[in-house]
Amino acid sequence: MAKKNIFTDAFGTPYFLKRLIIFILGFVSYRRFNGFNKLKITGTEHLVDLPDSNVLFVSNHQTYFADVAAMYHAFCAVNNGYLNTIKNPIYLLNPKIDFYYVAAEETMNKGILPKIFKIAGAVTVKRTWRAEGKNVNRMVDLTEVDNIMKALDNGWVATFPQGTTSAFAQGRRGTAKLVKNQRPIVIPIKINGFRRAFDKKGLRVKVTGVKPTMEFKAPLDIDYDKENANEILLKIMNAIEQTEDFNLLHQYDEELKAKKLEKKDSDN
């Protein structure tokens, strides 16, 4: 697999261009996370001694772009010695440039702004189960798998095992198979509040005064030799709190809302 050099990343993107884009997008998005809404970050101490490559971040997903933008802020801050805070945006002058994220190809090809985000570090994949709002059933493109492995060989990669912003959607075995084969350090990320604070794309502030959270957890303890893909996937989904055990709490909240709505209707 091709390696990066001192001028370009693993996919040939010039570092000066990545630095410029990360700085501009970071500057524009900063007030979204430390102004209109206050992002609370915890657990970045787990990132301090990580190697420069073969680190996979697995996260639940709530918006197309705000989740990843917040990760960039967190990683750049840690890269400059700031733990659990993004209060000093000077870190944008020295960004974490060997960071990549897995994104749906159809999402990244819609409009100019997503294409700019793509240059910052997107590794695009075609969903095997859904495309353009319809259910599909297609084979995995092995070239895309190779690209993810190339990114891991040269840096940190964030992926969203559910492949959708829908809460408690099932995890996809492809992530677990990648972990099994590549044997990266796996860091779970649990996010919350992004769906309430931003629109689905994560580009527009929907509500102010929200305190979204981003929790970096300790690396998963995985036995790469003995655990199969299903066991690894279950471990990942538990870590990002997206299994049915956590869904029961969600269902309780929905039932409570429904009861309150019924009471309100009966009172009227």
Side-chain angles (χ1 to χ4, degrees), residues 3-11 13-59 63 65-103 116-123 151-160 184-194 197-198 202-203 205 210-219:
K3 294 288 184 179
K4 63 184 179 181
N5 58 49
I6 60 174
F7 301 109
T8 63
D9 72 3
F11 300 98
T13 303
Y15 277 138
F16 80 87
L17 181 59
K18 290 188 73 170
R19 288 179 181 276
L20 178 62
I21 289 176
I22 292 172
F23 175 80
I24 293 174
L25 293 179
F27 181 79
V28 171
S29 64
Y30 181 72
R31 287 198 66 197
R32 297 168 184 262
F33 301 115
N34 197 45
F36 301 118
N37 297 298
K38 297 288 186 181
L39 175 65
K40 181 181 180 182
I41 303 174
T42 57
T44 55
E45 62 272 11
H46 297 303
L47 313 184
V48 175
D49 295 322
L50 291 176
D52 293 331
S53 62
N54 209 32
V55 178
L56 182 68
F57 295 87
V58 292
S59 177
T63 70
F65 300 112
D67 309 7
V68 173
M71 289 179 194
Y72 268 106
H73 278 283
F75 293 146
C76 292
V78 172
N79 195 48
N80 290 273
Y82 300 106
L83 299 183
N84 297 327
T85 181
I86 59 168
K87 289 184 178 180
N88 190 347
I90 195 172
Y91 55 73
L92 293 172
L93 295 174
N94 182 35
K96 176 73 176 175
I97 50 175
D98 286 317
F99 167 60
Y100 307 88
Y101 60 97
V102 180
I116 294 175
F117 283 137
K118 185 176 179 180
I119 297 173
V123 181
L152 280 169
D153 282 339
N154 291 277
W156 293 0
V157 177
T159 188
F160 305 94
I185 295 173
V186 180
I187 306 289
I189 304 175
K190 173 63 173 66
I191 66 171
N192 196 23
F194 285 74
F198 307 101
L203 299 177
V205 176
V210 178
K211 295 183 179 180
T213 61
M214 176 170 285
E215 177 188 1
F216 294 88
K217 299 187 178 183

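Side chains are part of it too, since the values below use all heavy atoms of this structure and drop only hydrogens, waters and symmetry mates.
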*Asks:* Hey, what do you get for NZ (Lys96) to CG (Asn80), rounding to the nearest 0.5 Å?
*Replies:* 11.0 Å
*Asks:* Is it the case that the ring center of Phe33 lies less than 6.0 angstrom away from the ring center of Phe198?
*Replies:*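 Yes, the ring centres sit under 6.0 Å apart.
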*Asks:* For the pair Phe57 and Trp156, name the ring-plane relationship: parallel under 30°, tilted 30 to 60°, perpendicular over 60°.
*Replies:*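 Tilted: the ring planes of Phe57 and Trp156 meet at 30° to 60°.
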*Asks:* Just so I know, are the side chains of Ile187 and Val55 near enough to count as touching, which here means a heavy-atom distance under 4.5 Å?
*Replies:* yes
*Asks:* Do Phe216 and Phe75 have ring centres separated by under 6.0 Å?
*Replies:*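 They qualify: ring centres under 6.0 Å apart.
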*Asks:* What residue among Val210, Thr63, Thr213 forms side-chain contact (heavy atoms from CB on, under 4.5 Å) with Phe194?
*Replies:* Thr63
*Asks:* Establish, yes or no, whether the cationic atom of Lys18 lies under 6.0 Å from the six-membered ring centre of Tyr72 and within 45° of the ring axis.
*Replies:* no
*Asks:* Are the side chain of Tyr30 and the backbone N or O of His73 linked by a donor-acceptor pair below 3.5 Å?
*Replies:* no
*Asks:* Kindly say whether Leu25 contributes a backbone atom to a donor-acceptor pair with the side chain of Ser29 at under 3.5 angstrom?
*Replies:*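 Indeed, once roles are kept as given, a pair shorter than 3.5 Å links the two residues.
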*Asks:* Do any N or O atoms from the side chain of Asn84 and from the backbone of Gly43 form a donor-acceptor pair under 3.5 angstrom?
*Replies:* yes
*Asks:* Does Arg32 reach the main-chain N or O of Leu203 with its side chain, forming a donor-acceptor pair under 3.5 Å?
*Replies:*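 Looks like yes, one N/O pair under 3.5 Å.
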*Asks:* Which heavy atom of His46 sits nearest a heavy atom of Lys217, and at what distance?
*Replies:*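 Reported closest heavy-atom pair: CD2-C, 3.6 Å.
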